[in-house]
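To start, the structure itself, in structure tokens.
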Amino acid sequence: MRQNNWNNDWADVIPPNLSEPDAYNNFFYPDLCHVCKGTNGGNLILCNECLSISYCSVEHKHLHREDHTEFCVNMKKFLRLRSKYEKYSPSRVDWVNSRRDLLRIMKKEMRRLLMPCEEEMIMFAKSCYVCFQEFDLKVCNICYSASYCEQHEQQFLIKHNKHCPDLTFCLNLEMRLAGIKFDYDFSIFPDDMRHVDDMESFVKNYCCWVMFPEFWTSKEYFYTDFVSTPLTVYYGMIKAEIDILNGHTQCFVCHVITSSYLEADYAAAWELLLHGLHEIKELTVVLIGLEPKAENSCFDLCRKCKEHGRSLKFEFSRMLHHEYINNPLNKRPNVIIRFDVDLHDEVTLIDVLSSLRCPNFFISTSESIAQEIKTTLRNLTEESYCPMYSRRNNFRSFQPRRDFKTGTIYYRNNYVTIYESFSCNT
């Protein structure tokens, strides 16, 4: 894993446009000013209403007031949830579940999509790394990603220190990416003269701005995140020797079952699949399980795609997947993609086992999740039924992300498991 030696001198790394709401509302750290992401020497002004967010000055507090008011009013309604954690030390599982419950409640109350920073204000609420109490805390002044109480300082140092460099790198990367817009050009992909067998070779061969491949900037890390899912599907189909079109259609439909809007934000990267599967004239990606973030979209593709009459469309459906595919008016998939599936959830299990007979991609952030999926499906299907392809994903993202469940980091799309179809015993 390549990492640059970026330091914590925020004045040198914060983009000039961080003061724009689209930039500073894109991520949240409880011990940094939400607007400028500065520390002000630790002298921050805590919002005295919701107790969830801080600012370096009254000016920045006023600047954020309009964006923050609705969240603040709703959070105050649920401050009573905090009191029960002041009475006892929950387990990490209890803490994680309480965050998920509060996120679900806030989404229901606010009746709109939460901004990324609002979700992170819930998931990364300031608490002791060991006992999860939420008062009288000190913060790690290196990564600003973890806190501890006086009683658990030694345990914190033992557990946290080995993860601190990764979390510091993650913070530096978020600083550099805040509010930055990147151009992309997929027109030269694929090229037989540019060999690709993993994400690093893809960046080396297709990121034309990379002058020194051994030293990545924030742009390269972001780009790996941007293109990871379509490249995982494309090269997964090659490795698993899947003939999805089977010579019968030039229209390709991909169902993506996800609870994250990241795939919608990265929609334009799916042009790569159009280029790779050159027989395709029309690619439709249906994001299932999400409220519409925008109207169904078409994209301005490269010159080659336009010359060959290709099109890329994105659609949203809030239905469960088995409800969607049972409606004859909806598009049938050529491939189904699922992220970090929890097969202990009955609804999810029904969704999986009712899938149409087409390839299913299970993309996971960890090997343990991937192995649990394989074990569960093997028990529910014919014993001889095994995945066509299952291993660490060569096209996973290199952009680290904070994991509220573990207090460490993770990388998207770390493992990929592909099944051709399902045959349930029951």
Kindly indicate whether a cation-pi arrangement holds for R318 with F316, taking the cut-offs as under 6.0 Å to the six-membered ring centre and within 45° of the axis.
no
What donor-acceptor contacts under 3.5 angstrom involve side-chain atoms of residues 388-395, with partners at least two apart or in another chain?
{"unit_1": "S390", "atom_1": "OG", "unit_2": "K374", "atom_2": "NZ", "d": "3.2"}
{"unit_1": "S390", "atom_1": "OG", "unit_2": "T417", "atom_2": "OG1", "d": "3.1"}
{"unit_1": "R392", "atom_1": "NH1", "unit_2": "Y415", "atom_2": "OH", "d": "3.4"}
{"unit_1": "N393", "atom_1": "OD1", "unit_2": "F395", "atom_2": "N", "d": "3.0"}
{"unit_1": "N393", "atom_1": "ND2", "unit_2": "T232", "atom_2": "OG1", "d": "2.8"}
{"unit_1": "N393", "atom_1": "ND2", "unit_2": "N413", "atom_2": "O", "d": "2.8"}
{"unit_1": "N394", "atom_1": "ND2", "unit_2": "D197", "atom_2": "O", "d": "3.4"}

Under 3.5 Å, is there a donor-acceptor pair linking the side chains of T224 and Q399?
no
Both conditions, 6.0 Å and 45 degrees, for the charged tip of R401 above the ring of Y410: are they met here?
no
Could you tell me whether the side chains of E174 and Y29 share a donor-acceptor contact shorter than 3.5 Å?
yes
Counting only heavy atoms not in E59, do more than 12 fall under 6.0 Å of its CD?
no
Can you find a heavy atom in the side chain of N74 that is under 4.5 Å from one in the side chain of I105?
no
Please enumerate all residues that pass side-chain hydrogen bond (donor to acceptor under 3.5 Å, both in side chains) together with R104, with sequence neighbours excluded.
none
Establish, from distance only, whether the side-chain atoms of E220 and T217 form a donor-acceptor pair under 3.5 Å.
yes
Tell me, yes or no, whether the heavy-atom count around N161 atom CG, taken from other residues, nucleotides or ligands under 6.0 Å, exceeds 12.
yes
Examine the side chains of Y55 and H64 and answer whether a donor and an acceptor come within less than 3.5 Å of each other.
yes
Polar side chain donor-acceptor pair, D101 to S98, under 3.5 angstrom:
no
Do K138 and F156 have side chains that approach each other closer than 4.5 Å (heavy atoms only, starting at C-beta)?
no
Is a side-chain donor-acceptor pair under 3.5 Å present for R65 with H68?
no
Can a donor-acceptor pair be found between the side chains of H34 and H60 at a distance below 3.5 Å?
no
